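Here's the structure we're looking at; comments come further down.
Heads up: numbering here begins at 1 and tracks the sequence. Please read all numbers here as calculations on a predicted model, not as lab measurements.
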Amino acid sequence: MAIKHPDHTFMKMAIDEAINGVKAGDGGPFGAVIVNKAGKVIASGHNMVLVNNDPTAHAEVTVIRKAAAALNNFELKGCILYTSCYPCPMCMGASLWARLDAVYWGATSADALKANFDDSAFHSFVKNPKSTVEQTWEHLPVENTFAPFALWNSIVDKTPY
């Protein structure tokens with residue numbers, strides 16, 4: 001029997017994951033759970049940035065990696081992500097690439113800001129990428145930049161994603 005979504009039980013699990021991560025000292029106060037449409041938890045996890053020294057180890061990315069490994073598939077169609085807080089652009093991108101059927105979040109960006117987690121600059125940057133005094137973002141055309149794409153396109157039996 002398929003469960004109805006969104007399901008508060010899974011959001012509470014994501015929040016519990018966030019709390020567990022904070023208590024363990026693994027990273028920031030973020031947790032996530034991925035379930036299939038039948039209501040089976042495929043993977044759960046929390047932010048692991050500090051313990052892994054990995055800036056990409058956000059809760060959503062961590063749980064997407066776990067779910068993909070558990071299902072032995074890079075696509076998570078038929079799965080739903082519950083995350084304790086509104087995702088940053090990196091986690092949004094990972095969720096889109098994973099092809100999740102739905103993403104539900106608990107806390108808002110405003111809630112995260114109250115705890116000194118402000119990713120508004122990242123959201124703004126995605127809308128209008130520009131170099132700043134601190135960081136340069138610039139197209140650097142060189143010869144043969146299309147070569148990797150041409151090689152990819154020449155493979156007949158590739159697995160598209």
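Remark: side-chain polar atoms of Thr145 are not paired, donor with acceptor, to backbone N or O of Pro141 under 3.5 angstrom. Side-chain atoms of Lys66 come within 3.5 Å of backbone N or O of Ser44 as a donor-acceptor pair. For Asp111 (side chain) and Thr108 (main-chain N/O), a donor-acceptor pair under 3.5 Å exists by modelled atom type. The closest donor-acceptor contact from the side chain of Asp7 to the backbone of Thr9 lies under 3.5 Å. Checking side-chain atoms of Ser154 against main-chain N and O of Leu151 turns up a donor-acceptor pair under 3.5 Å. For Ser131 (side chain) and Thr136 (main-chain N/O), no donor-acceptor pair under 3.5 Å exists by modelled atom type. A donor-acceptor distance shorter than 3.5 angstrom exists from the side chain of Arg99 to the backbone of Trp97, with no hydrogens or angles considered.
Within 6.0 Å of the NZ atom in Lys23, the count of heavy atoms belonging to other residues, nucleotides or ligands does not exceed 12. Residue Asn72 qualifies as open at atom CG: its count of foreign heavy atoms under 6.0 Å is 12 or below.
Across every non-hydrogen atom of Cys79 and Leu71, the tightest pair is SG-CD1, 3.9 Å. Listed here is the closest heavy atom pair of Ala43 and Ala67: CB-N, 3.6 Å. The two residues Gly31 and Ala18 have their closest heavy-atom pair at N-CB, 3.4 Å.
In this structure, OG on Ser95 lies 10.5 Å from CH2 on Trp105, to the nearest 0.5 angstrom. Residue Asp26 holds its CG atom at 4.5 Å from CE of Met48, rounded to the nearest 0.5 Å. Note that CD1 of Ile42 is 10.5 Å distant from CD1 of Ile80, once rounded to the nearest 0.5 Å. Distance check, rounded to the nearest 0.5 Å: CG of Asp119 to SG of Cys91 gives 9.0 Å. Taking OG of Ser84 as the reference point, atom NZ of Lys12 lies at 15.0 Å (rounded to 0.5 Å). With rounding to the nearest 0.5 Å, the separation of CG in Leu81 from CG in Leu76 is 9.5 Å.
Phe122 and Phe125 have their aromatic ring centers separated by at least 6.0 angstrom. For His123 and Tyr86, the ring centers are positioned less than 6.0 Å apart.
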Checklist entry - Under the side-chain contact (heavy atoms from CB on, under 4.5 Å) criterion, do Lys40 and Val35 qualify, and how do the steps go? => result CA-CA 5 Å; Lys40 179 183 181 220; Val35 300; over 6 Å; no

Next on the checklist: Between Asn20 and His46, is the side-chain hydrogen bond (donor to acceptor under 3.5 Å, both in side chains) condition met? List the steps.
Outcome noted: CA-CA 8 Å; Asn20 292 340; His46 54 262; 6.0 Å; no

Checklist entry - Under the side-chain contact (heavy atoms from CB on, under 4.5 Å) criterion, do Val22 and Glu17 qualify, and how do the steps go? => result CA-CA 9 Å; Val22 171; Glu17 270 292 338; over 6 Å; no

Item to check | Residues Val33, Tyr104; criterion side-chain contact (heavy atoms from CB on, under 4.5 Å); working and verdict | outcome: CA-CA 10 Å; Val33 175; Tyr104 298 107; over 6 Å; no

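No single ILVMFWY cluster, assembled from side-chain heavy atoms under 4.5 Å apart, contains both Met92 and Val103. Residues Met11 and Val63 are members of separate hydrophobic clusters, defined by side-chain heavy-atom contacts under 4.5 angstrom among Ile, Leu, Val, Met, Phe, Trp and Tyr. Note on Phe117 and Val126: separate hydrophobic clusters, where clusters join Ile, Leu, Val, Met, Phe, Trp and Tyr whose side-chain heavy atoms are under 4.5 Å apart, directly or indirectly.
For the pair Lys130 and Trp137, the cation-pi test (distance below 6.0 Å, angle within 45°) is failed.
When side chains are defined from C-beta on, His58 counts as touching Cys88, because their heavy atoms get closer than 4.5 Å. In this structure, Thr56 and Arg65 have side chains that are in contact, with non-hydrogen atoms separated by less than 4.5 Å. Within the 4.5 Å cutoff, the side chain of Ile34 has heavy atoms near those of the Ile64 side chain.
Using a 4.0 Å cut-off between a side-chain N of Lys or Arg and a carboxylate O of Asp or Glu, Asp101 and Lys77 do not qualify as a salt bridge.
A tilted orientation is assigned to the rings of Phe10 and Tyr82, their planes being inclined by 30° to 60°.
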